[in-house]
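Any value given below was found using the heavy atoms of this structure, including those in side chains, with hydrogens, waters and symmetry copies removed.
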Amino acid sequence: MEQAARERITLVEVLERTAPYDVFTSTIQAAVRRLETEGVSSLLSIQFHARPEDTEVGAVITFADSRRVMEHIRMISGWPEFKALLGVARPVDVRVYGRLGEEAQAWLRTMNVVSKVFESPVAGFVR
């Protein structure tokens, strides 16, 4: 497995939407726009998936470098866009693919929503 693939970390999250769909979508779009322009460079992708008739939301977040996850968390914690996001959705389940640093693991544990960690990559590649 090549080194670039080993360094990646992917978080697969399930959130419960706690606001009307249109409020949720405008809030999440604002947060993602800010991340795209000002977020850490190691944040490779972030995708949210939802349906108007369902309160369950899915998110897939991928970082190129697992060591930068805490930098991301510290950065966004003070942003009004992410405070607003916490007002329209709450984490229900997180699955971690890759090895997080100790500080990021401890931070995730405080949310009490991590259901599974797959930290030992066995095969893969990055294009």
Side-chain angles (χ1 to χ4, degrees):
M1 174 178 231
E2 76 177 60
Q3 191 61 29
R6 286 187 179 280
E7 295 301 319
R8 296 223 174 167
I9 187 85
T10 299
L11 305 174
V12 178
E13 302 181 1
V14 176
L15 308 164
E16 177 187 11
R17 179 173 51 82
T18 59
Y21 184 77
D22 59 333
V23 173
F24 168 78
T25 57
S26 63
T27 302
I28 197 68
Q29 288 166 357
V32 168
R33 272 193 306 275
R34 184 154 184 199
L35 272 175
E36 187 174 21
T37 59
E38 298 178 40
V40 296
S41 61
S42 66
L43 178 60
L44 297 178
S45 69
I46 188 165
Q47 302 169 49
F48 287 86
H49 301 270
R51 295 182 303 190
E53 68 276 6
D54 193 350
T55 59
E56 194 169 79
V57 176
V60 179
I61 305 165
T62 301
F63 292 87
D65 184 346
S66 63
R67 296 167 295 198
R68 306 271 316 268
V69 172
M70 275 314 296
E71 178 184 351
H72 163 79
I73 291 168
R74 281 190 287 274
M75 176 187 292
I76 68 170
S77 292
W79 287 1
E81 294 87 348
F82 282 88
K83 290 179 181 175
L85 174 59
L86 295 175
V88 299
R90 69 173 194 80
V92 174
D93 180 51
V94 176
R95 288 183 170 229
V96 179
Y97 296 84
R99 188 171 301 209
L100 280 172
E102 290 295 321
E103 188 179 9
Q105 286 179 37
W107 185 86
L108 272 177
R109 279 194 300 273
T110 66
M111 294 191 315
N112 200 30
V113 294
V114 176
S115 66
K116 190 76 174 171
V117 176
F118 298 92
E119 69 177 22
S120 300
V122 293
F125 67 89
V126 176
R127 292 194 192 269

- Note on the structure: Between E103 and the options R109, R74, R67, the salt bridge (Lys or Arg N to Asp or Glu O under 4.0 Å) test singles out R74
Roughly how far, to the nearest 0.5 Å, is [atom2] of [Y] from [atom1] of [X]?
{"X": "L35", "Y": "F82", "atom1": "CG", "atom2": "CZ", "answer": "3.5 Å"}
{"X": "S77", "Y": "H72", "atom1": "OG", "atom2": "NE2", "answer": "8.5 Å"}
{"X": "S66", "Y": "Q105", "atom1": "OG", "atom2": "CD", "answer": "9.5 Å"}
{"X": "D22", "Y": "T27", "atom1": "CG", "atom2": "OG1", "answer": "9.0 Å"}
{"X": "S115", "Y": "R95", "atom1": "OG", "atom2": "CZ", "answer": "4.0 Å"}
{"X": "R33", "Y": "I28", "atom1": "CZ", "atom2": "CD1", "answer": "10.5 Å"}

In terms of hydrophobic clustering (I, L, V, M, F, W, Y; side-chain heavy atoms under 4.5 Å; direct or indirect links), are [X] and [Y] co-clustered?
{"X": "V12", "Y": "I61", "value": "no"}
{"X": "M111", "Y": "I46", "value": "yes"}
{"X": "W107", "Y": "V92", "value": "no"}
{"X": "Y21", "Y": "F48", "value": "no"}

Should [X] and [Y] count as side-chain neighbours, where that means a heavy-atom distance under 4.5 Å?
{"X": "E56", "Y": "V14", "value": "yes"}
{"X": "E38", "Y": "E81", "value": "no"}
{"X": "V40", "Y": "F63", "value": "yes"}
{"X": "I76", "Y": "R34", "value": "no"}
{"X": "W79", "Y": "L85", "value": "no"}

To check you understand the geometry: which heavy-atom pair defines the closest contact between [X] and [Y], and what is its length?
{"X": "V57", "Y": "A50", "result": "CG2-CB, 4.0 Å"}
{"X": "R68", "Y": "S42", "result": "CB-OG, 3.1 Å"}
{"X": "L11", "Y": "L108", "result": "CD2-CD1, 4.4 Å"}
{"X": "V117", "Y": "V114", "result": "CG2-CG1, 3.7 Å"}
{"X": "I9", "Y": "R99", "result": "CD1-N, 3.6 Å"}
{"X": "A104", "Y": "V69", "result": "CB-CG1, 4.2 Å"}

- Check whether more than 12 heavy atoms from other residues, nucleotides or ligands sit under 6.0 Å from atom CG of N112, and answer yes or no. no
- Mutual orientation of the aromatic rings belonging to F118 and Y97 [parallel < 30°, tilted 30-60°, perpendicular > 60°]: parallel
Taking [Y]'s backbone N and O only, do any of them form a donor-acceptor pair with [X]'s side chain (distance below 3.5 Å, no angle check)?
{"X": "R17", "Y": "P52", "value": "yes"}
{"X": "T18", "Y": "V88", "value": "yes"}
{"X": "Q47", "Y": "V60", "value": "no"}

- Note on the structure: Residues passing the salt bridge (charged side-chain N to carboxylate O under 4.0 Å, His left out) test with E13, sequence neighbours excluded, are none
